[in-house]
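Heavy-atom basis, side chains included; hydrogens, waters and symmetry copies ignored.
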Amino acid sequence: MLLDTASMYFRAFFGVPDIAGPDGTPVNAVRGLLDFVSRLVTDYQPTHLVCCWDDDWRPQWRVDLLPTYKAHRVVEEVETAPDVEEVPDPLGVQVPIIQQVLAAFGITVIGAPGYEADDVIGTLATGAGMPVDVVTGDRDLFQLVDDDAEVRVLYIARGVGRHERVDDAWVVAKYDVHARQYADFATLRGDASDGLPGVSGVGDKTAASLLGRHGDLAGIVAAAHDPDSGMAAGPRRKVKDAADYLAVAPRVVAVARELDLDRSHLDLPTSPADPDRLAALSEQYGLDSPVARLTAALARD
């Protein structure tokens, strides 16, 4: 089980009522994330679990290819470190607490310098040698769904308690494309939340139709330049006009799958790694109930 950690703690922050620890520190995202993990571990009983981390939420190499990438979320540009993302102050103070609590539990957290959590997930899901559940509210990760390799997405956009199990048939029913085509589909139609402009005038239906006829983005571009391809004049012009965007966007949208990551400590612990530290954090921040629930979930038979 691979957790898109930021996706989950953002949802916990906005979905769990405000609550403060004994010292006044807000802890709703901490409590919510712990309860999300407890529920998922209880329901799915994974043998391995990783909290995948955004070491760089807006990698410079993606920005160099497409300057609009996540640009609307930047509150401060930093030359020597990742740009500062717009995060509500009451959430920002909770992220270090989340890291400390996960470490005390012994739950593996993996990030990679210059890459997003999506890239860590893509790498760990590829060639995992076992069935993989990717937990995220980010539809970009639908590109990882692979029925043959038993990789699916547990999509939490409507909440962890109402998550959807995404396989290839689900993607086809929702978007009329196969999961292997999803990255090209997203490139074509764009995504304002990530600063991807897409091909002007091409929405979901046109993107799906083009992929259904031509297979992938390379086939679409080739058909646009082939007068005998049968592509209608409208889409042909739109694809040609977007040549500069289509030359770079696929590399921005595609998650990395070949990062050099340590896969040696991915087992889900059956008990906290540092009980004393966990008890101290629980007391300091008033986390007794969610800590107890996760401890019980880990002590599975």
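Looking only at distances, no side-chain donor or acceptor of Asp191 sits under 3.5 Å from a matching main-chain atom of Leu196. Under a 3.5 Å cut-off, the side chain of Asp168 and the backbone N or O of Asp147 do not form any donor-acceptor pair. For the pair Thr123 (side chain) and Leu259 (backbone), a donor-acceptor distance under 3.5 Å is present. In this structure, the side chain of Lys70 engages the main chain of Trp57 through a donor-acceptor pair within 3.5 Å. In this structure, Asn28 contributes its side chain and Ile19 its backbone to no donor-acceptor pair below 3.5 Å. Checking side-chain atoms of Ser38 against main-chain N and O of Ala297 turns up no donor-acceptor pair under 3.5 Å. The backbone N or O of Ala112 lies less than 3.5 Å from a partner atom in the side chain of Asp55, making a donor-acceptor pair. For the pair Gln143 (side chain) and Ala183 (backbone), a donor-acceptor distance under 3.5 Å is absent.
No more than 12 heavy atoms of other residues, nucleotides or ligands lie within 6.0 Å of NZ in Lys205, so this atom counts as exposed by the packing criterion. Residue-environment remark: CG (Asp23) exceeds the threshold of 12 foreign heavy atoms within 6.0 Å.
The one candidate from Leu294, Leu278, Val101 that meets the side chain to side chain contact (heavy atoms under 4.5 Å, CB included) condition with Leu287 is Val101. Paired with Ile110 under the rule side chain to side chain contact (heavy atoms under 4.5 Å, CB included), one option of Thr5, Leu266, Asp262 passes, and it is Leu266. Among Leu141, Val135, Thr136, the single residue meeting the side chain to side chain contact (heavy atoms under 4.5 Å, CB included) criterion with Ser7 is Thr136. The side chain to side chain contact (heavy atoms under 4.5 Å, CB included) with Phe105 is formed by just one residue from the set Cys51, Ser271, Pro275, Pro272; it is Pro272. Residue Arg62 is tested with Asp118, Asp119, Asp56 for a salt bridge (Lys or Arg N to Asp or Glu O under 4.0 Å); the sole match is Asp119.
Note: the hydrophobic cluster containing Val93 does not contain Leu34 (ILVMFWY, side chain heavy atoms under 4.5 Å, direct or indirect links). Both Val202 and Val248 belong to a common hydrophobic cluster when Ile, Leu, Val, Met, Phe, Trp and Tyr are linked at side-chain heavy-atom distances under 4.5 angstrom. Val177 and Val221 fall within the same hydrophobic cluster, defined by Ile, Leu, Val, Met, Phe, Trp and Tyr side-chain heavy atoms under 4.5 Å apart, directly or through other members. Each of Val255 and Met8 belongs to its own hydrophobic cluster when Ile, Leu, Val, Met, Phe, Trp and Tyr are linked at side-chain heavy-atom distances under 4.5 angstrom. Follow the hydrophobic side-chain contacts under 4.5 Å out from Val50 and you never reach Val95; the two are in separate clusters.
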Show me the donor-acceptor pairs within less than 3.5 Å that the side chains of residues 148-158 make with the rest of the protein, sequence neighbours left out.
unit_1 : atom_1 : unit_2 : atom_2 : d
Arg152 : NE     : Asp133 : OD1    : 2.4
Arg152 : NH2    : Asp133 : OD2    : 3.3

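A distance of 6.5 Å separates CG of Leu268 from CD1 of Ile107, quoted to the nearest 0.5 Å. Expressed to the nearest 0.5 Å, how far CD1 of Ile98 lies from OH of Tyr285 amounts to 11.5 Å. Between the CG atom of Leu188 and the OH atom of Tyr245 there is a distance of 7.5 Å, given to the nearest 0.5 Å. Atom-to-atom distance recorded for Arg189:CZ and Asp204:CG is 5.0 Å, nearest 0.5 angstrom. Residue Gln60 holds its CD atom at 10.0 Å from CG of Leu65, rounded to the nearest 0.5 Å. The structure places OH of Tyr115 at 10.0 Å from CG of Leu261, a figure rounded to the nearest 0.5 Å.
Within the 4.5 Å cutoff, side-chain heavy atoms of Arg257 are placed close to those of Leu144. Side-chain contact between Thr108 and His48 is absent, with no heavy-atom pair separated by less than 4.5 Å.
Considering every non-hydrogen atom in both Ala273 and Gly106, the closest pair reads CB-CA, 3.6 Å. In terms of heavy-atom proximity, Arg11 sits nearest to Phe36 at C-CE1, 4.4 Å. Heavy-atom minimum distance, Met1 versus Pro46: CB-CB, 3.9 Å. Of all non-hydrogen atoms in Ala125 and Val132, the two that sit nearest each other are CB-CG1, 4.2 Å. The heavy-atom pair separating Pro250 from Leu217 by the smallest distance is CG-CD2, 3.4 Å. Here the closest non-hydrogen pair linking Leu124 and Cys52 is CD1-SG, 4.3 Å.
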* To do: Please test Arg277 against Gln100 for side-chain contact (heavy atoms from CB on, under 4.5 Å), starting from the C-alpha separation and ending with a verdict.
  => CA-CA 9 Å; Arg277 177 61 175 154; Gln100 294 175 60; 2.5 Å; yes
* Worked verdict on Leu40 versus Leu3 for side-chain contact (heavy atoms from CB on, under 4.5 Å) -> CA-CA 10 Å; Leu40 290 162; Leu3 307 185; 4.3 Å; yes
* For Trp170 and Arg165, what are the C-alpha separation, side-chain angles and deciding distance, and is it a side-chain contact (heavy atoms from CB on, under 4.5 Å)? -> CA-CA 8 Å; Trp170 189 100; Arg165 299 181 181 93; over 6 Å; no
* Please step through side-chain contact (heavy atoms from CB on, under 4.5 Å) for the pair Val171 and Val166, ending with a clear verdict. => CA-CA 7 Å; Val171 176; Val166 177; 3.6 Å; yes
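Taking a cutoff of 4.0 Å between a charged side-chain nitrogen and a carboxylate oxygen, Glu164 and Lys174 do not qualify as a salt bridge.
Below 30°, between 30° and 60°, or above 60°: for Phe142 and Tyr182 the angle between ring planes is above 60°, a perpendicular geometry.
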